[in-house]
Each structure stands twice: as C-alpha cells, then as structure tokens.
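A quick write-up on the structure given underneath.
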Amino acid sequence: MILMLEMAFRNAGKTFYLVPLRALASEKYEEFKLFHGARKPNGGSLKVSISTGDYDSTASNLENKDIVIATYEKCDSIIRHRPSWLSAVSLIVLDEIHLLDSVDRGPTLEMLTTWLKRVASGVQFLALSATVENCNELAGWLDATPVVSEWRPIPLREGVFLDYVITYPNGKMIEVTREFGEPYLDLASQALREGGQALFFTETRRSAVALSKKLTPVTWLSLSSAERRKLAEISSAINLSAERTKLSEVLSSVIARGSAFHHAGLHHDHRATVERFFKKGLIKVITATPTLAAGVNLPARIVAITSLRRYDHVLGSEQIPVMEYKQMAGRAGRPKYDKVGDAIVFASSASDAQYLMETYINSSPEPIVSKLGSAQSIAAHVLATTVGGMAHDKKNLHEVFSSTFLAKQRGYTNLKLKVEAALDYLAKEGALKWTNGGFVETSLGRRIAELYIDPSTAFHFRDCMNMKPREYTPISILHMITSSSDITPMLYTRSSDMALVEDFISEHEGELYLTSKAENRLIQDEVKTLIALWFWIEERSEEEISEMTGAQQGDLYRLDESAVWLIYSSSELAVFFGHKELLPQLRELEMRVRHGVGRELLELVGLKGIGRIRARNLYENGFTSIQALRRGDVSALARVPSIGTKLAMKIKETVGGKLKAKDLKAARRDEVQTTLEDFNREAE
DNA sequence: CTTATCCATTTTTAGACAGCATGTC
DNA sequence: CTAAAAATGGATAAG
C-alpha cells in the first residue's frame, strides 16, 4: 500500500493491486478508499477504483485512475481489450501469488504475469504470499529480489490435540479443561473463556452445519444478555434478507445462539452477515469449509482443523496439501486482541498425532509448480496472446511461452508442441488465420477472447447451432450451455437424482443434444445442471430447487451468473455463425435466466416493463413466487427488504390489489417480531 | 398398536474467475 | 499409511 500510494502521489504511473477473489478485492478497496480524493502535491486528487466482474467493467473507466484493484481474470480481460493507458502502468502487486499452483486458475495468472512482464517494460512487480517454499525460484522467474520475513503481528502456535492434551512442536503440552466432555466443545469453550473467538474448519458443508449446531450450548452460555438481544435481531434479519430456505433457517437459529457456519452454499448476503458479526465479536464461533481459508481476513483466537482430508470425485479421499493447512492455520491470532494464535489439529491416535506433527506442522508447504502444462486449454492462452497483440508470428509466440514459469521449471520442449497444436486448432476452427510469415486473429477470434470464454466453448456453441435437436426450445439452449466447458458449478448427479434426471431426459428427448460422441461426456451431470436452471427460470422456490437437486442458494446464484454470461456470449457469437434468427430466443432466455423471472411473470408485468423496471430487482426483492404475486400475498411481500416506489406502483397495478407501503411495513414488522420471539423461546 | 432403539448398509462429499449496460437505492 | 459421517431402512424392544 505504501509503495502504491507513494507512486500515485508522485504521479509515477498507474498501479494495480491484483487478487484472486472478488471478496478480497472489495476488502482491499475499502482500505484504499480512505485515500480516494486525497490531494496530490501537483494539485490533482488521488483516484482509486475497483474492477471485478461484478463491478464496473469498461476499461476506459480506468483511464484516469491512479490505483486499480482487480481480480487476476479481470486484469487479463482488460489486457485483451488493449487499453491505451497500459503503457502508463508502473507497478503491479500480485497478491497471493501461490495461486500459480492452482490447476484451474494458476495458468491464467501465469500467462497474465508473462504478458505484463513483456508489455509493460520497466514495470515493477511486487508478488506476495505467506506460503511460498520455492520463493527464490519464483523470484528468479519474475526477475525480482526475494524478501523473506518470518514476522507475524501475532505469534502463531501450531499444536496437535489428542486425549485433551495439546502438544506443540517444542514438546510443550497443555491440558484442556473438561467441561462439556466433547473435545470440540471444550476447545471452543476455552477460546471463549479467554475472551476470544474460534474458527473451525471442516471437511464438508454438512459437517460445518452439524458442528455449528453442536457448538450452540457453548456459545450461548458465553453471551451477555445484551449480546443475546443483538443476535436475536441479526438472526431474524437473516430470514428477511433473502428467500427463506431450510439452510437459512438453520443459520438463523444458530446465529441466535452466537454460533454460525460458513460455506459456499450460503446466500452471499448471509455469508457477509456471518463475516461481519464475527468481526464485531458477536458471533463467537464459525464452522467453515475452506471458503474462509483463502477468503476475507477473519482471524480468530483459536483455529481448529477437524479434518485434513478431502474427497475428490476422481481421486477419492485425499490428504490436503500442506499449503492449504498453512493457509488455514495462519488464520489464528487476531491483531490487537490476542497475544498468541493457536492452530489445533485433531489426532485420532498417538501415531496419528506424530504423523500430523511431522507431515503438517513441521513441514514446509509444497513448492509451487506451474500447472500451465495441465491447463485444459492452451488454445485459450494462445488466442489471448494473439488478440492482446503480443505475437503475430511463431517466433514471438514461442518467445512468450518460453518465458513462462512452466518453461523455466520444465523446459520448453513439451509446451512448444502444445502451443503449435493450439495454433493449428485455432486456425482450423477459424479463430486465427495464417498470413504470410505469421497469423492474425479473425474477428470471431477477437470476440471469443473478449467474451472471455474458452475457444472450445465457442466452437461447441457453433456446432450446437448448426445441428439443432428435433425440437429446438429453451431447454435445448440451456443444454448447449450446460454441456460447455465453461459452466460452473457443474452439478454432480447423486444416485438419488438418477430418477429425476432420467425422467427429464425421456420427457425432453427431442429437445436435448444427446447424439454427440465426445468422450467422457457426463450427460447426467449436464442434464442435472440444466434441470436446476430450468427450475430456476420456472420460478420454483430456492428451497424446492435445493431439495430436488441438492444445489443450495449460493450454488444457484453462481450457476445463474455463469449461465447468463454464457447465454449472452452465445447470442453474440450467433451472428458470427450465421444464426441471426436465434437472437430473439437467446435474448429472451438470457433475460429469463438473468433475472430469474419466469414467462408467467414476464406476461404479468408486461415484457415492455422490463426495460424500465429492472427485472433483477423483482427477483432480488424476493418476488420469486408468482403465486404470491398473483394473489398479492402480503406475507410474501413482507420478506422484501426494500421496495422501490416505482416497483411498488407497478406491482400494485399488476396485482390490482390494495397494497400500501404501510401494509408492507406492518407485515414486515410482524414477521420480525414473531421470528424474534421464536428464537428467544427456542434458545432458552 | 405406536414409538423408540439398535444395527447394518448405503449414500454423500470444497471452492469460484469471467461480458456488458443501465436502472435503483 | 489410512475415509468418514450422516442418512436410510429394517428388526426388535419398550411403552
């Protein structure tokens, strides 16, 4: 921050702060925002901006900014648009550089860094990480000087818990008081007695939820009556801020007792609530999946790691890497509050304890290894390199790829073959064309790179548009989307879902793409993901969808987000593929998915109204139930946290009812009141 | 006759980046 | 070096 601010004040150039998560970007942005508008010596004012997929997106907005905070992918995308100010960049901070090791996102970071090194010559790089073992090697690649510091604001102790005794690497042992007779409860209790908070990491979402319930007796006893009152309010607010589901009800009930769970199935507002009130000290214990290991900064007095295994659909049950363990352990110790942070792992036997001590506590994280070689698509990076203007002939292209971290670690021979193959593939499919002496991207290729989709996804769209199923319906379009490699999260078909999926397939056989011979195609997963999206645009309740498919609120929102992006992309590409006639269908479907607004609702409100009243607000404000809307159900409206005047007017017109603002307020008040009472009673 | 308990078997399993343009609070 | 925990379903005991 000091370096960036110094450069900004000196007008020494534009600086970037790059992070792997949107949440981290907004956290960092909040810190930098304090300096936004500060007067510079030359009279101008300092300008700070954030750029991630869910914030502003046009590169021109960044032209006169001094400090830009962005995700890696966003920065990558910006480069592809070749903004004029790129040469004005003077410093790039790469936070959490160890992400280079990640299979799905590491290659993007690696290519991004490689380009930046070339494009912006003379740019200073500052790469940061708490868990890099081979930092000399990494520094060598970046042409940087390694700076190692063991300093932590709060010292960290790592220990193993076995039979109520915590053993530390130096042989020191501490006994934990038996109070509840359950290790997890007693450990949490110890943290709370010292006025601290505890963070438990679990292997699965389900066990995070189960453990947070189990911990409520401990947290409840530690609460003052003032805290209990505040928590009751927070707890009832949970059920008002988003659609109610079984999961949100459980969250609401544990929060009332000072405990909470945190995982990616939660609604993002609920995640934010949990983070916020843990930071404020009201929520005493969080049980979390790895969401919090790399996510926002949420330190705790004690970090308890309940499992060091993880199940993988391909590999089965696996030990997690030391790097991940260190990331979790590093969350222990709150600056300003704790004297020391404790990270505790649980052992099942004496030999297990010894194993954990050797393998995790006394081990360094694994060295960072480039994953560019296993990138699912080198083609995407070759195309982006071309579109970004970094290479228009083989010589330059090989220069770029031979300066990657992979080439440094493993040599360039293998990668060279892959790059050549990617070039041929892109040319064959029409994203690039040969020129004398080199190659250049086609307008299609440029659009693919700008839309930020994998080239294979684009070609898949083309094939799907050329070979339509017997009956071409919205379901066909959704299937095209869910069978592309860019859809996330792809839902997994459990054995209990088989009936649902098979029924759907036989019912919609004529509308689906079932003939493709691509190997390893997981038709069932594609269809199951399609079903979740279909239910979503049919306005089924979030609870119903998660009941039927197992996809929870958070999953649904992310699925929706990626589906919107892909449908938009397919409509942009339809023109290139000579399928202009599909545009109306694609546009309509995009709108239905984007806003979660069903056909019936579109008809009710009138399609023209969508332009004026943003349908997304209908959705976000809780109008997912058409039935409720039709009968003007006041109690459904009570779940709406805020209704715009225009929107309320429109609803009034539409339902023809007599809803008034004060009815809404009264209804909402009642609901808040009853939930509050319920929780207090239950808690007692 | 209903409910509780026990036991063996079956089922399930983390996370999250990206486009673009405009209305709403 | 190693999978573990919850859900399910059926049988039997208790109320």
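Below, chain A is the first sequence line, B the second, and so on; all start at residue 1.
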Winner on side-chain proximity to A/K74, out of C/dC1, B/dG19, B/dC17, is B/dG19
Which dot-bracket notation, 5' to 3', represents the base pairing of DNA chain B when pairs are defined as Watson-Crick or G-U with both distances under 3.5 Å, crossing pairs as [ ], and inter-strand pairs as |? |||||||||||||............
Would you find a donor on one side and an acceptor on the other, under 3.5 Å apart, between the side chain of A/W115 and the backbone of A/D76? no
Nearest 0.5 angstrom please: A/Y72 OH to A/I97 CD1, how far? 5.5 Å
Taking the nucleotide of DNA chain B with the nearest heavy atom to each, does A/D555 or A/S495 sit closer to the 5' end? A/S495
With a 4.5 Å cut-off on side-chain heavy atoms, are A/L18 and A/V93 touching? no
Roughly how many Å apart are C/dA4 and B/dA14, using the C1' atom of each and rounding to a whole number? 16 Å
If you check the A/A264 side chain, which of B/dA14, C/dC1, B/dA16 turns out closest? B/dA16
Which is it for A/L372 and A/F405 under the side-chain contact (heavy atoms from CB on, under 4.5 Å) test, yes or no, and what are the steps along the way? CA-CA 8 Å; A/L372 186 60; A/F405 193 45; over 6 Å; no
Quickly, which of A/E542, A/H268, A/Q552 forms a side chain to side chain donor-acceptor pair (under 3.5 Å) with A/Y557? Name it, please. A/E542
Pick from A/D497, A/T493, A/T549: which one makes a side chain to side chain donor-acceptor pair (under 3.5 Å) with A/K528? A/D497
Please work out if A/R558 contacts a base, only the sugar-phosphate, or nothing of the nucleic acid, heavy-atom cut-off 4.0 Å. base
